[in-house]
Amino acid sequence: MGDLPVNPLVLIGVGSSFAFSGLFYHLYKGKKEELKKLKEIPIFKPDQHLVKVLKASPHRRLQYVAVEGLVQADGESLASQFVPRCYGVIQKIAVEEQWKFWNSLTKTWNSRTINRKETNNSVPFSLVSPGAFFDDLYVKVQNPLEASGCYLDRVYFKKSRAEKGLADMVMNGILGEEPVAMEVSEELLRVGSTLTGYGEVVLEGGQVMRLQAPQDGRKFILVPTDHRSFMDGHEKSASMWKMLSAVTGITGAAILTKVICGLVGNQDGKSKKA
């Protein structure tokens, strides 16, 4: 090891820099390909233009498009159980207990979540254009719980410490388990929020439109933002991976250049002495 002209740690640093550069470039290429496919998807709003396009399409059906609109309950909306005057069309309430258990092998307490209970509720809803009235055009969203995407907004969260008496503490110490806290959270797809759905759109009859899971196997996606913001997020992500690839690549190249220059300088010095 002492005969090596270069510190092994430097070589590891150079190799790691180039490895990360390659990884980040791969992620950048993947994101760019995803962006290219997203840009090919037609974007519509629940308006007369969409109705005309559907009427002119085979079987009055668009296989895969994006529809952007505001969330509106078809009937009565769901009221938040914790936040006044907060309404939605999809509701998820989760209750879970945080416990710690004694590990006799490592002599430490380990945390674990147990007794998680989740309640999901939903009501039929549609997407409407901003400023539209109830009788205007709308796109009904069919089976939204089957869609992928993080489209729920957390409107409530509370973490409360577990109450323990003296008898409980003694028993927990004997058993090697102890309740720590209780967590309660509520998520909603709120009425009036902007939502973009990716899927198949069908004209049912007259001017009634329906957004549903595609029949060609592509993903049914709901995004809790407008289409432009969704695309901007992907553009920023691609730029980030590109920048990280360039920075790590340049860093590796700079270190490698310095190492080579050092080796050449040492060789020249030895030649002159000789």
Side-chain angles (χ1 to χ4, degrees), residues 26-74 88-90 92 120 122-132 134 136-153 187-242:
H26 174 73
L27 293 172
Y28 162 70
K29 292 290 288 183
K31 184 59 69 174
K32 288 295 289 184
E33 186 63 29
E34 185 180 356
L35 261 172
K36 181 182 176 182
K37 292 180 180 179
L38 285 172
K39 289 178 179 178
E40 293 172 353
I41 300 172
I43 172 70
F44 294 96
K45 292 190 177 181
D47 54 20
Q48 197 64 47
H49 173 64
L50 178 55
V51 174
K52 290 179 180 178
V53 173
L54 283 166
K55 286 182 177 179
S57 302
H59 309 293
R60 297 190 169 191
R61 182 187 305 266
L62 295 173
Q63 285 192 340
Y64 201 76
V65 298
V67 180
E68 174 191 321
L70 301 180
V71 174
Q72 175 182 270
D74 293 345
V89 292
I90 298 177
K92 181 170 76 173
N120 293 284
S122 65
V123 296
F125 71 95
S126 301
L127 298 179
V128 301
S129 294
F134 185 79
D136 288 341
L137 295 174
Y138 56 90
V139 176
K140 296 193 296 183
V141 181
Q142 180 172 302
N143 299 328
L145 296 180
E146 296 180 1
S148 59
C150 301
Y151 51 84
L152 298 181
D153 179 30
E187 296 176 307
L188 286 174
L189 175 55
R190 302 176 71 168
V191 172
S193 62
T194 300
L195 187 74
T196 302
Y198 290 82
E200 182 178 80
V201 177
V202 179
L203 185 63
E204 293 185 330
Q207 299 192 116
V208 179
M209 296 171 284
R210 182 178 75 247
L211 174 67
Q212 61 188 23
Q215 297 181 3
D216 59 5
R218 282 184 279 186
K219 284 186 178 181
F220 181 29
I221 305 172
L222 297 179
V223 180
T225 184
D226 60 88
H227 181 261
R228 183 65 263 165
S229 297
F230 180 63
M231 296 299 291
D232 287 345
H234 280 270
E235 292 278 6
K236 290 177 181 177
S237 179
S239 298
M240 178 190 70
W241 293 127
K242 184 179 180 180

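In this text the structure is predicted, and so the values were computed from the model without any measurement. Residue indices begin at 1 and follow the sequence shown.
- Annotation: side chain to side chain donor-acceptor pair (under 3.5 Å) contacts of Asp47 (sequence neighbours excluded): none.
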Steps toward side-chain contact (heavy atoms from CB on, under 4.5 Å) verdict (Val65, Val53): CA-CA 12 Å; Val65 298; Val53 173; over 6 Å; no
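- Checked options Lys236, Arg228, His234; the residue passing with Asp232 is Arg228 (criterion: side chain to side chain donor-acceptor pair (under 3.5 Å)).
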Side chains of residues 191-210: which donor-acceptor pairs under 3.5 Å do they make with residues two or more places apart or in other chains?
residue, atom, partner, partner atom, Å
Ser193, OG, Arg190, O, 2.6
Thr196, OG1, Thr225, O, 2.7
Thr196, OG1, His227, N, 3.4
Glu200, OE1, Arg61, NH1, 2.9
Glu200, OE1, Gln212, NE2, 2.6
Glu204, OE1, Lys140, NZ, 3.4
Glu204, OE2, Arg210, NH1, 2.3
Gln207, OE1, Gln48, NE2, 3.0
Arg210, NE, Gln142, OE1, 2.9
Arg210, NE, Gln212, OE1, 2.7
Arg210, NH2, Gln212, OE1, 2.8

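- Side-chain contact between Asp153 and Leu188: absent, with no pair of heavy atoms (C-beta onward) separated by less than 4.5 Å.
- The shortest non-hydrogen separation linking Tyr138 to Pro46 is CA-CB, 4.1 Å.
- The ring pair (Phe, Tyr, Trp, His ring centres under 6.0 Å) contacts involving residues 201-224 comprise nothing, where partners must be two or more places apart or lie in separate chains.
- The side chain to side chain donor-acceptor pair (under 3.5 Å) analysis of residues 214-224, with sequence neighbours excluded, yields the pairs Asp216-Arg218.
- Of the inter-residue distances, the one linking Leu137 atom CG with Lys45 atom NZ reads 14.0 Å to the nearest 0.5 angstrom.
- Among residues two or more places apart in sequence or in another chain, the side-chain contact (heavy atoms from CB on, under 4.5 Å) test is passed with Ser239 by none.
- Of all heavy-atom pairs between Pro144 and Phe125, the closest is CG-CE2, 3.5 Å.
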Take Val71 and Val141, measure what side-chain contact (heavy atoms from CB on, under 4.5 Å) needs, and give me the verdict at the end.
CA-CA 10 Å; Val71 174; Val141 181; over 6 Å; no
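- Between Asp74 and Ser126 the shortest heavy-atom distance is OD1-OG, 2.7 Å.
- Taking CG from Leu127 and CD from Glu68, the interatomic distance works out to 9.5 Å, rounded to the nearest 0.5 Å.
- Considering every non-hydrogen atom in both Ser122 and Leu145, the closest pair reads OG-CD1, 4.0 Å.
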Listed pairs under 3.5 Å, donor-acceptor, residues 32-44 side chains, sequence neighbours left out:
residue, atom, partner, partner atom, Å
Glu34, OE1, Lys31, NZ, 3.4
Lys39, NZ, Glu235, OE2, 3.1

